[in-house]
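Okay, so here's the structure we're looking at.
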Amino acid sequence: MVKAETTEKKIIPYGRQAITDADIEAVVSTLRSDYLTQGPAIPEFEKKFAGYVGAEYAVALSNGTAALHLCAMALNVKPGSRVITTPITFAASANCVRYCGGEVHFADIDPDTFLLDISKVKALLEKHPAGYFQGIIPVDFAGNAVNLEAFRKLADEHGLWIIEDACHAPGGYFTDSKQAKQKCGNGRFADLAIFSFHPVKHIATGEGGMITTNNKALYEKLLLLRTHGITKDPSMYENSEADVAQGPWYYEMQELGYNYRLTDFQAALGTSQMERADENLERRKLIAKKYDNTFSNTSFIKPLPAEGHAYHLYVIQAADRLGLYNHLRANNIFAQVHYVPVHLMPYYKQSGFKKGDFPHAESYYDKCLSIPMYHSLQEADQQRVIDTILDFEKH
Ligand SMILES: *Cc1c(COP(=O)(O)O)cnc(C)c1O
């Protein structure tokens, strides 16, 4: 029996992890060690990651969503708190506010960068009295770094905190007003930044996340919240000396925290993956360059500012998006759509958001398609993606 041609073609996903022998070795040696969790691989990963993004502190967590949740908790989001984010992101960027009972507000994206439009945020802030909003969650969407210097200035004028959702952008940066490169998550402008180590992201640990910050008080609070709000640090104890003197087993639960820990074997995988972070980022940039050059004379792309882009995603704009998606799918190329706008999710529509609220986000969504982008994408496979897209365009 002759198989249909399509089933013989290797599946090319939009993103995927790459695991080396060194990664496997690192995980196995941790499995053979004394600690599967709460051991030395965690601070090692945290230190390496903090160094990579240029932040003082890093806290490893069970996933990026847990990281967002703890950020919102640490910044005291509670019922009545109002927080602004972008509709073009993964739902978790907004959900963390809801976990704490706060209200999510959206501002539209900039149609040229697809990032949260600072002028729209400014307009929203100015429509309300001082103190109405508490924070902003900008997202380095697709790997394109938000100009946090500008956001910091605006946030300071309005007394707001910033959580940078940098899940798409480890290694990415924006160029500040003094022409200095400011790496995503470096803690210079945002109060807290978060990353994810889901397999489609740059660094994979299966599930996993990280918060980076330069704020020591927030850092210590996050450590507490990551482990049930429990401390064994005598200098932090709140109960009486008599209570504390009960014995060396003594500990205190001081806040309502969670178990959001990463395991040691995941951390070991993360540390091992980081050895190739720069090299992998360069590979992503080369893949992007090839797409840029190929599609520069088509309607698929508008020139995006490539400086500092970390290319978690490569998003094209297709007039017949469904047609192209299906054509790629028939050829075993699994493109994806990032994202269905968050304000149009039934959950958020319950808060009164509706179609038409954020026209730039909605028209971006109508055409966007993420084509394969991951550092282990082979040249021949990228060529197959390109040929398949150009073939569709011809018909
Ligand atoms: C992946 C992602 C998250 C959530 O990370 P998980 O580790 O999957 O929980 C949050 N925000 C953005 C923008 C993401 O891409």
Side-chain angles (χ1 to χ4, degrees), residues 13-17 45-46 49 53 58-73 77 83-100 104 106-107 109 113-116 135-146 148 151 162-172 184-185 190 192-212 222 226 258-263 266-267 269-270 273 284 309-315 336-343 345 347-348 361 364-365 368 370 373-374:
Y14 84 89
R16 63 159 293 155
Q17 77 281 10
F45 183 32
E46 290 172 337
F49 195 85
V53 302
V59 181
L61 294 148
S62 48
N63 56 67
T65 304
L68 282 161
H69 184 191
L70 291 199
C71 286
M73 280 185 81
V77 175
V83 177
I84 303 166
T85 191
T86 166
I88 297 299
T89 185
F90 184 55
S93 312
N95 294 349
C96 64
V97 175
R98 298 292 308 130
Y99 295 155
C100 299
V104 177
F106 298 99
I109 59 167
T113 62
F114 315 140
L115 302 175
L116 182 62
I136 315 175
I137 307 180
V139 178
D140 300 313
F141 174 70
N144 198 9
V146 168
L148 285 179
F151 270 100
I162 298 173
I163 300 171
E164 176 188 12
D165 184 336
C167 282
H168 295 183
C184 298
L192 297 165
I194 75 114
F195 296 86
S196 163
F197 308 123
H198 182 278
V200 296
K201 311 286 162 77
H202 292 58
I203 295 155
T205 65
E207 298 288 349
M210 191 76 82
I211 302 172
T212 58
L222 291 166
R226 174 175 67 179
Y258 294 83
N259 176 355
Y260 277 167
R261 294 185 299 259
L262 190 72
T263 66
Q266 288 173 302
L269 178 55
Q273 291 252 309
R284 283 176 185 267
H309 201 303
Y311 291 106
H312 163 55
L313 302 174
Y314 192 93
V315 183
Q336 187 56 276
V337 168
H338 299 94
Y339 293 95
V340 179
V342 183
H343 71 284
M345 293 293 162
Y347 177 79
Y348 284 101
Y364 159 81
Y365 166 65
C368 70
S370 304
M373 165 57 81
Y374 46 95

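One-based numbering, in listed order, for ligands and for the atoms of each. Just so we're clear, the structure is a prediction, and the values are computed from it rather than from any experiment.
Annotation: Phe197 is in aromatic contact with Phe45 [ring centroid separation under 6.0 Å].
Side-chain atoms of Gln273 do not come within 3.5 Å of backbone N or O of Ile203 as any donor-acceptor pair. Under the 3.5 Å distance criterion, the side-chain polar atoms of Glu164 are left unmatched by any main-chain donor or acceptor of Asp140. A distance-only check finds no donor-acceptor pair linking the side chain of Arg226 to the backbone of Ser62 [under 3.5 Å]. Put simply, the side chain of Thr65 never gets that close to the backbone of Ala92: no donor and acceptor are under 3.5 Å apart. In this structure, His202 contributes its side chain and Ala310 its backbone to a donor-acceptor pair below 3.5 Å.
Here Phe195 has no heavy atoms under 4.0 Å from ligand 1, in either its backbone or its side chain. By the criterion of a heavy-atom distance under 4.0 Å, both the backbone and the side chain of Thr65 are placed next to ligand 1.
Remark: among candidates His312, His168, Met210, the nearest residue to atom 15 (O) of ligand 1 is His168, based on non-hydrogen atoms. Nearest-residue assignment for atom 1 (C) of ligand 1 (options Glu207, Lys201, His69; heavy-atom criterion): Lys201.
Close approach of ligand 1 to Phe90 (heavy-atom distance below 4.0 Å) involves ligand atoms 2 (C), 3 (C), 4 (C), 10 (C), 12 (C), 14 (C). Annotation for ligand 1: atoms under 4.0 Å from non-hydrogen atoms of Tyr339 are 15 (O). The Asn63 neighbourhood of ligand 1 comprises atoms 7 (O), 9 (O), with distances under 4.0 Å to a heavy atom of that residue. Under a 4.0 Å criterion applied to the non-hydrogen atoms of Gly64, ligand 1 contributes the atoms 5 (O), 6 (P), 7 (O), 9 (O). Listed by number with element, the atoms of ligand 1 under 4.0 Å from a non-hydrogen atom of Ser196 are 1 (C), 5 (O), 6 (P), 7 (O), 8 (O). Per-residue contacts place Thr89 under 4.0 angstrom from the following atoms of ligand 1 (heavy atoms of the residue considered): 13 (C).
Across every non-hydrogen atom of Leu116 and Phe151, the tightest pair is O-CZ, 3.8 Å. Shortest non-hydrogen contact noted between Leu148 and Ala190 is CD1-CB, 4.1 Å.
The distance criterion of under 3.5 Å between nitrogen or oxygen atoms is not met by His198 with respect to ligand 1. Residue Asp165 has at least one N or O atom closer than 3.5 Å to an N or O atom of ligand 1. Below 3.5 Å of separation, one finds no N or O of Cys167 facing any N or O of ligand 1.
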Derivation of the side-chain contact (heavy atoms from CB on, under 4.5 Å) call for Val104 and Thr85: CA-CA 7 Å; Val104 177; Thr85 191; 4.2 Å; yes
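Under the 4.0 angstrom criterion for non-hydrogen atoms, Gly208 is in contact with ligand 1.
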